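Written below as structure tokens is the structure these notes are about.
Both counts, for ligands and for their atoms, begin at 1 and track the order of listing. Here the structure is a predicted model, which means the values were calculated and not measured.
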Amino acid sequence: MCGIVAYVGSKPAQALLIEGLKRLEYRGYDSAGIAVMHAGRATVVKKAGRVANLEAELASRGPLAGTMGMAHTRWATHGGVTDLNAHPHRDDKAGIVVIHNGIIENYASLKTYLMDKGHRFVSETDTEVLAMLIGELYEGGEGGLEAAVQAALREVTGAYAICVMCEKEPDTLVVARKGAPLMVGIGAGEYVVASDASAIVAHTTQAFPLDDYNVVRITRNGFRTSTTTNVAVTPKVMQLELDLEQIELGRFEHFMQKEIFEQPAALRNTMRGRLQAEDGKVVLGGLSALAKQLVRSRRVILTGQGTALHAATIGEYLLEDLAKVPAHAEYASEFRYRNPIIEDQTVVVAVSQSGETADTLAALQEAKDRGALALGVVNVVGSSIARETDAGVYLRVGPEIGVASTKAFTGQVAVLALISLFLARRRYMSADQCAAMIREMQSIPGKIERVLEQDERIKKVAEKYCERENWLFLGRGYNYPTALEGALKLKEISYIHAEGMPAAEMKHGPIALINDGMPAVFIANKGRQYDKVLNNISEVRARGGHVIAVATEGDAEIGKVAEDVIYVPEIDEPLSPMVTVVPLQLIAYHAAVLRGHDVDKPRNLAKSVTVE
Ligand code: G6P
């Protein structure tokens, strides 16, 4: 939720930290702050608002000297969006400075304990409690800060990724993690710590992710990794596979726009090496060792939040339809708390772009504890969910920076289609049928390109309706989740109220909302329920609603009932959401831009929700 970057080395820290913050701003952007250590003093500067506000403040003060420091971009959990509540936070005793991502759940009782000890708090945050606790436990001496952090973390419940400095140990940075991502990049005589790789790759490609309960003490001479109980740990250093180009805008105005347009290339990457049309085979390296177990599975539960849940719902249809295995998709936040029954031979599939969503991770752990085999459909390599699963298939769509998920959605649907075919072929599907589906899969990137070519026309549709405050998105079958996703995209970035639902459900209440001029977007491509969708369109028209239809090229009927039609190439229904969603993404994008919103940083949202 929040972005963390820290530096230990010989270069001036401030410029490097601000550059890192800009790369991380998509993780949270309601306030930003920095602390730089110099001559035994940590100077803290923090401001509510975007990183640009912090930069302006720093410019007016003159640059901070120092070659070690840390910076933070915040998404508020405890305490409002104010300068005081922004990170870093200090203690009032030992010269401790802390930045933190996550939530300290027992902060209230710790705060009472610390207040009884005479500590005075200036902010409303749980992070300040952590800073005070570390200060209270700090005993000085060699490794004093490391020991104090370990001791404090043994008292804490909740989730955290933290960086800590201490004015009494001005050459030491201590970082730790439980339940929120953090990695240490190892350069030549320097270290860059960050909540994700995008703030590291400009400096080094060697890095190691922290495991839960890991604490790393870093100085310019090296680092030591241990647990909160001070057991030494050997970290697994890996090569970051991320190009700077992938995290830069290039010719696009927004990351969301870039990522919508990247979908054909991203999906080609998702499928590369995984499809063998000649043999009617899907090859998934991550699943091959478990193939026998998976083929015998009796139930699949797919879980996720937001866009990932919409993709998971399409996965439910695909698995039942193609692989003939009972499947259902469910919000991770509901699943984890409702005492679910996990029968023998159940597989749980966690779907997540970031691999860090707190509810999805917890649902996965709950299902594993109850005996399920755990699979991940994840984009970020080495993320918490990826590490927690027994096996999985990565999306390979590249880093997604726009807060509104786009290419991850099509990537998730593509991977779920691959998994369905992988199982289908081993259960009931013939090689010929599978080969036909594979060829259809291979045609998708080209078909998305044909939709993207209509960007200008789709923008005109957005222009026509973007002032309307209430929209409906309606679809049936495989495109019911597409309707949910279209509505979510519009809500997230344009702040227009939109509801997505099965087209038939409209008659059971929402039809009462339809008045003169309300836009209703129908996904009306050719499929099993096409005629029924046409009926629903007529029902909306009869009540004065405006119909925007996403329809199949060559459909002569649809123009007679819908005012605006966006044509997409013909595609097999089970795979069609990967194509039909694209006009909906573009409508949302253009509507938000036309309404003057910051598309990549929509209000109140965060890219990755690591709190429940
Ligand atoms: C947040 C994001 C959504 C995303 C959801 C799940 O709400 O704003 O875009 O769909 O989290 O994220 P995940 O990383 O698990 O796919």
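A salt bridge links Arg50 with Asp598: the distance from a Lys NZ or Arg NE/NH1/NH2 to an Asp or Glu carboxylate oxygen falls below 4.0 Å. The pair Glu259-Lys489 does not count as a salt bridge, with every side-chain nitrogen at least 4.0 angstrom from each carboxylate oxygen.
Of all atoms in ligand 1, numbered sequentially from 1 with element shown, those under 4.0 Å from a heavy atom of Gln353 are 13 (P), 14 (O), 15 (O), 16 (O). Taking a cut-off of under 4.0 Å to the non-hydrogen atoms of Ser352, the atoms of ligand 1 that pass are 13 (P), 14 (O), 15 (O), 16 (O). Near Ala308, with a cut-off below 4.0 Å to any heavy atom, the atoms of ligand 1 are 10 (O), 16 (O). Taking a cut-off of under 4.0 Å to the non-hydrogen atoms of Val609, the atoms of ligand 1 that pass are 1 (C), 7 (O). Taking a cut-off of under 4.0 Å to the non-hydrogen atoms of Gln305, the atoms of ligand 1 that pass are 5 (C), 6 (C), 10 (O). Those atoms of ligand 1 with a heavy atom of Ser354 less than 4.0 angstrom away are 13 (P), 14 (O), 15 (O).
Side chains of Asn479 and Ser576: a donor on one and an acceptor on the other come within 3.5 Å. Under the 3.5 Å distance criterion, with hydrogens and angles disregarded, no donor-acceptor pair is assigned to the side chains of Thr406 and Gln263. For Arg370 and Asn339, the side-chain atoms include at least one donor-acceptor pair closer than 3.5 Å. Side-chain N/O atoms of Thr205 and Gln239 include a donor and acceptor closer than 3.5 Å.
Summarising the contacts of atom 4 (C) of ligand 1 with Thr307, Thr303, Val377, the nearest heavy atom is found in Thr307.
His597 and Tyr495 have tilted rings, their planes meeting at an angle from 30° to 60° on a 0 to 90° scale.
Of the polar atoms of Thr357, at least one N or O is found under 3.5 Å from an N or O of ligand 1, judged by distance alone. Residue Ala606 places at least one N or O, backbone or side chain, under 3.5 Å from an N or O of ligand 1.
Of the heavy atoms in Lys607, only backbone atoms (N, CA, C, O) come closer than 4.0 Å to ligand 1.
Within the 4.0 Å heavy-atom cutoff, Leu605 does not count among the residues contacting ligand 1. Ligand 1 lies within reach of Val403, whose nearest heavy atom is under 4.0 Å from it. For Glu492, the closest heavy-atom approach to ligand 1 falls below 4.0 Å.
Here the CZ-CG distance, from Arg177 to Leu153, works out to 13.0 Å after rounding to the nearest 0.5 Å.
Heavy-atom minimum distance, Tyr478 versus Pro577: O-CG, 3.5 Å.
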